[in-house]
Visitor: 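Okay, handing you the structure first.
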Amino acid sequence: MPELPDVEIYRREAEKAKNSGIESFEIEDKKFIGISESEFNKKLKDERFKETTRRGKYLFLSIGKEKAVVMHFGMTGDLKYLKESEDAPDYTKCSFVFKNKHKLHYISKRKLGHVEFTDNLEDFIEEKELGPDALETNEKEFVSLLKDKKSMAKTALTDQSLISGIGNVYADEILFQSKIHPKQKTTDLSDADFKSLYKNTRKVLEKAIEKEADPSKLPKSYLLPNREEGNDCPRCDGKIKKIKISGRSGYYCPTCQKK
DNA sequence: CATAATGTTTAAGA
DNA sequence: GTCTTAAACATTAT
């Protein structure tokens with residue numbers, strides 16, 4: 001589930017390919033690969049990825065100051081750097097082949113997500129209306145972005161145009177840690193609530209990265225390892241409840257996350 | 001076999 | 001017009 005921590009792990013995987021000459025590009029499924037063969041030849045062949053950066057759930061592999069390959073992982077994406085001799089993973093959609101006999105495989109089970117090329121990274125970010133990365137904001141900025149929203153707390157947290165990187169799963173954890181009901185309106189939150197949201201956003205995302213974005217490796221006191229309807233709340237006597245918020249499922253403890 | 005799943009864009013509603 | 005919410009997208013695993 002590619003949210004910010006997952007994409008950060010993919011970024012570290014892509015780092016392994018840094019500064020290797022790009023030899024070719026293999027497209028398995030061109031439906032959602034936005035780089036044609038001719039564009040590759042013109043703009044990427046014989047170049048190298050000089051820098052890998054991330055903004056929210058987007059990964060950028062830069063070949064120059066402004067030019068970059070852009071990857072988004074949808075709900076089921078993955079990225080693997082393997083030797084050329086190794087088999088490409090199942091559901092590989094495209095692969096960059098490097099002169100050092102390694103390949104960077106972009107994998108996705110479902111067809112959400114895409115790989116493309118931009119001539120100007122800043123313009124791309126602006127066009128997508130991506131808010132600042134959840135780990136690159138300070139408390140003041142974080143609070144001012146969320147404060148005036150009239151939507152539910154969970155909806156605001158997962159709005160990529162406000163703050164980018166928080167998805168459906170980690171939003172549940174952040175709200176749990178902050179003891180805030182997911183349907184609580186942001187206009188009803190106190191200053192202490194916002195402070196808590198900021199602190200826990202950092203805490204949860206950093207911990208998740210440390211655990212290689214595997215929710216089951218998070219501490220038992222966290223919600224995510226227990227994220228199932230009817231499970232015991234790891235903090236109080238309550239039972240975990242599942243609800244729908246804007247068509248997505250959310251899990252929380254009705255006892256310690258009061259409205 | 002029906003259901004739910006990580007995300008974003010789109011359309012619809014208020 | 002603006003802001004918020006729900007549906008649609010395509011596919012796989014349970």
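The chains referred to below are lettered A, B, ... by the order of the sequence lines, with proteins before strands, and numbering in each begins at 1.
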Visitor: Between Lys109(A) and dA10(C), does any side-chain N or O lie under 4.0 Å from OP1 or OP2?
Guide: no
Visitor: Provide, to the nearest angstrom, the distance between the CG atom belonging to Asp29(A) and the C1' atom belonging to dA10(C).
Guide: 11 Å
Visitor: Rounded to whole angstrom, note down the P distance from dT9(B) over to dG1(C).
Guide: 24 Å
Visitor: Please state how far atom CD1 in Ile107(A) lies from atom C1' in dT12(C), giving the value in whole angstrom units.
Guide: 16 Å
Visitor: Give me the distance, rounded to whole Å, that separates dC1(B) from dA10(C) when you measure between the P atoms they each carry.
Guide: 22 Å
Visitor: For the pair made of NZ in Lys149(A) and C1' in dT4(C), what is the distance, rounded to whole Å?
Guide: 8 Å
Visitor: Send over the distance from Arg248(A) CZ to dA7(C) P, rounded to a whole Å.
Guide: 12 Å
Visitor: Considering just the side-chain nitrogens and oxygens of Lys183(A), establish if one lies under 4.0 Å of OP1 or OP2 belonging to dT4(C).
Guide: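 The answer is no; no side-chain N or O of Lys183(A) sits under 4.0 Å from OP1 or OP2.
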Visitor: Of all the choices, dA5(B), dA6(C), dG7(B), which nucleotide is nearest to the side chain of Lys242(A) once you look at every atom?
Guide: dA5(B)
Visitor: Can you name the one residue among Lys80(A), Glu28(A), His105(A) that meets side-chain hydrogen bond (donor to acceptor under 3.5 Å, both in side chains) with Ser95(A)?
Guide: His105(A)
Visitor: Within the structure, does a side-chain N or O atom of Lys57(A) lie under 4.0 Å from either OP1 or OP2 of dG7(B)?
Guide: yes
Visitor: OP1 or OP2 of dT6(B) versus the side-chain N and O atoms of Arg227(A): is any pair under 4.0 Å?
Guide: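 Checking dT6(B) against Arg227(A), a side-chain N or O does come within under 4.0 Å of OP1 or OP2.
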Visitor: Which whole-number value in Å describes the distance from Gln160(A) CD to dT6(B) P?
Guide: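 Rounded to whole Å, this separation is 14 Å.
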Visitor: Salt-bridged, Glu15(A) to Arg12(A), with N to O below 4.0 Å?
Guide: no
Visitor: Give the rounded distance in Å between these two atoms: CG of Asp159(A) and P of dT9(B).
Guide: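 Interatomic distance, CG of Asp159(A) to P of dT9(B): 11 Å.
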Visitor: Using a cut-off of less than 4.0 Å, is there contact between a side-chain N or O of Tyr91(A) and OP1 or OP2 of dA13(C)?
Guide: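 Yes, within the criterion.
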Visitor: Quick one: Leu4(A) CG to dT6(B) P, roughly how many Å, whole number?
Guide: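 Atom CG in Leu4(A) sits about 17 Å away from atom P in dT6(B).
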Visitor: May I ask you to say whether Lys154(A) pairs ionically with Asp172(A), meaning some side-chain N is under 4.0 Å from a carboxylate O?
Guide: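 Between Asp172(A) and Lys154(A) there is a salt bridge, with a charged N closer than 4.0 Å to a carboxylate O.
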Visitor: Looking at Asp191(A) and Lys147(A), does any basic side-chain N land under 4.0 Å from a carboxylate oxygen?
Guide: yes
Visitor: Of the nucleotides dT9(B), dA5(B), dT6(B), which one has an atom closest to the side chain of Tyr58(A)?
Guide: dT9(B)
Visitor: Compare side-chain N and O positions of His72(A) against OP1 and OP2 of dG7(B) and report whether any pair is under 4.0 Å apart.
Guide: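 Result: no.
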Visitor: Which one, dT6(B), dT4(C), dA6(C), comes nearest to the side chain of Ser246(A)?
Guide: dA6(C)
Visitor: As a test of reading the structure: which of dT4(C), dA5(B), dT8(B) is closest to the side chain of Ser151(A), going by heavy atoms?
Guide: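 Nearest nucleotide to the side chain: dT4(C).
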Visitor: Does the cation-pi check pass for Arg55(A) over Phe60(A), that is, NZ or CZ under 6.0 Å from the six-membered ring centre and within 45° of its axis?
Guide: no
Visitor: Please report the interatomic distance CZ(Arg48(A)) to NZ(Lys99(A)), rounded to the nearest 0.5 Å.
Guide: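 So the CZ of Arg48(A) and the NZ of Lys99(A) are separated by 10.5 Å.
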Visitor: Pick base, sugar-phosphate or nothing for Ser249(A), based on heavy-atom distances below 4.0 Å to the nucleic acid.
Guide: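 Touches sugar-phosphate only.
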Visitor: Could you state the CE-P distance from Met152(A) to dT4(C), rounded to the nearest angstrom?
Guide: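 These atoms are roughly 11 Å apart.
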Visitor: According to the Watson-Crick and G-U wobble definitions, with both distances under 3.5 Å, which nucleotide is paired to dA13(C)?
Guide: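 In the structure as shown, dA13(C) has dT3(B) as its Watson-Crick or wobble partner.
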